[in-house]
*Asks:* 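This structure is in structure tokens; I'll ask about it shortly.
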Amino acid sequence: MMETAEIAARLAAVRAEIAASAAAAGRQAEEIELVAVSKTHPAAAIEAAIAAGQRVFGENRVQEAQQKFPALKAEHDGLRLHLIGPLQTNKVRAAMELFDVIQTVDRPRLAEAIAAERERRGTCPELYVQVNTGEEPQKAGVLPRDADGLIALCRDRLELPVRGLMCIPPVADEPSPHFALLREIARRNGLDGLSMGMSADFAIAVRLGATVVRVGSAIFGERKLTPAPR
Ligand SMILES: *Cc1c(COP(=O)(O)O)cnc(C)c1O
């Protein structure tokens with residue numbers, strides 16, 4: 001794990017870059033929420049980020065989050081946790097117990113399972129619909145041409161709290177066209193939340209209207225484990 005002081009310094013650098021990109025685009029830095037992606041990193045690294053003022057974290061696996069976050073949430077007021085990885089329907093209940101935001105709603109069956117669990121619990125995390133802007137067969141997310149239909153199902157029929165859209169551009173592509181496509185799908189559906197931008201491209205994403213950026217390695221360092229398939 002990186003030293004506490006280094007995590008604090010990297011966090012400050014990321015925040016400064018978000019502020020600079022926002023200013024360059026005529027936006028307020030406060031319009032952009034920084035999700036610190038802590039997957040594969042130990043609770044001690046998350047504690048270091050909390051000590052540096054960070055309160056919003058992202059994890060891509062329910063099970064890993066269950067191992068780290070109940071204790072952290074009990075210890076620190078105001079922590080908010082985003083699920084940014086694919087969600088299986090049999091983990092919906094566990095995910096809704098722990099996560100404040102689910103960014104990866106990508107198919108009707110999952111939306112229906114979340115709606116059923118919302119009936120049972122009486123509460124629901126904020127939701128984002130994940131769009132597979134690059135139409136990559138191995139990647140999660142609804143295809144752009146099916147996005148309007150899934151958004152309508154979630155929002156109008158199931159009355160779920162859809163805040164916006166999320167995308168992960170193909171690794172080899174220039175990200176801007178993907179961010180622009182996501183923004184266009186959000187605009188025509190009257191949604192204003194845009195979760196886009198990771199360590200390599202969050203500055204571009206902020207210029208193109210991101211309201212949520214998901215930054216892992218730029219804060220916590222390289223991950224030793226390979227990321228989960230998505
Ligand atoms: C891992 C991950 C991130 C963070 O990636 P970095 O390149 O380390 O910033 C962001 N979004 C999703 C969906 C991820 O799985």
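Every number for a ligand or one of its atoms is a count from 1 in the order of the listing. Just so it is clear, the structure is predicted and the values come from calculations on it, not from any experiment.
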*Asks:* Looking at Asp156, I'd like to know if its CG atom is crowded, meaning that more than 12 non-hydrogen atoms belonging to other residues, nucleotides or ligands lie closer than 6.0 Å.
*Replies:*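 More than 12 within 6.0 Å, yes.
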*Asks:* Using a 4.0 Å heavy-atom cut-off, which part of Gln103 comes near ligand 1: side chain, backbone, both, or neither?
*Replies:*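 Near ligand 1, Gln103 shows nothing, with every heavy atom at 4.0 Å or more.
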*Asks:* Which residues pass the salt bridge (Lys or Arg N to Asp or Glu O under 4.0 Å) test with Glu136, sequence neighbours left out?
*Replies:*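 By the salt bridge (Lys or Arg N to Asp or Glu O under 4.0 Å) rule, Glu136 matches Lys139.
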*Asks:* More than 12 non-hydrogen atoms from neighbouring residues, nucleotides or ligands closer than 6.0 Å to CZ on Arg109, yes or no?
*Replies:*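 No, because the 6.0 Å sphere around CZ of Arg109 holds 12 heavy atoms or fewer from other groups.
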*Asks:* Under a 4.0 Å N-O cut-off, is there an ion pair linking Arg163 with Glu126?
*Replies:*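 Between Glu126 and Arg163 there is a salt bridge, with a charged N closer than 4.0 Å to a carboxylate O.
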*Asks:* Under the salt bridge (Lys or Arg N to Asp or Glu O under 4.0 Å) rule, collect the residues that match up with Glu184, sequence neighbours excluded.
*Replies:*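 Expected list: Arg187.
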*Asks:* N/O to N/O below 3.5 Å, does that happen between Ile84 and ligand 1?
*Replies:*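 Such a contact does not occur with ligand 1.
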*Asks:* Could you tell me whether Lys39 and Glu64 make a salt bridge, using a distance below 4.0 angstrom between a side-chain N and a carboxylate O?
*Replies:*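 So Lys39 does not pair with Glu64 through a salt bridge.
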*Asks:* Go through ligand 1 atom by atom and flag the ones less than 4.0 Å from a non-hydrogen atom of Ser199.
*Replies:*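 Listed by number with element, the hits are 6 (P), 7 (O), 8 (O), 9 (O).
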*Asks:* Any idea which of Lys39, Met198, Met196 brings a heavy atom closest to atom 2 (C) of ligand 1?
*Replies:*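 Of the listed residues, Lys39 has the closest heavy atom.
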*Asks:* Considering only heavy atoms of Arg214, which atoms of ligand 1 have at least one such atom less than 4.0 Å away?
*Replies:*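 Counting atoms of ligand 1 from 1, those under 4.0 Å from Arg214 are 4 (C), 9 (O), 10 (C), 11 (N), 12 (C), 13 (C).
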*Asks:* Any idea which atoms of ligand 1 are less than 4.0 Å away from a heavy-atom of Val215?
*Replies:*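 Reading through ligand 1 atom by atom, the close ones are 9 (O).
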*Asks:* Could you say whether the N/O atoms of Arg223 and ligand 1 ever approach to under 3.5 Å?
*Replies:*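 Indeed, backbone or side chain, Arg223 has an N or O that close.
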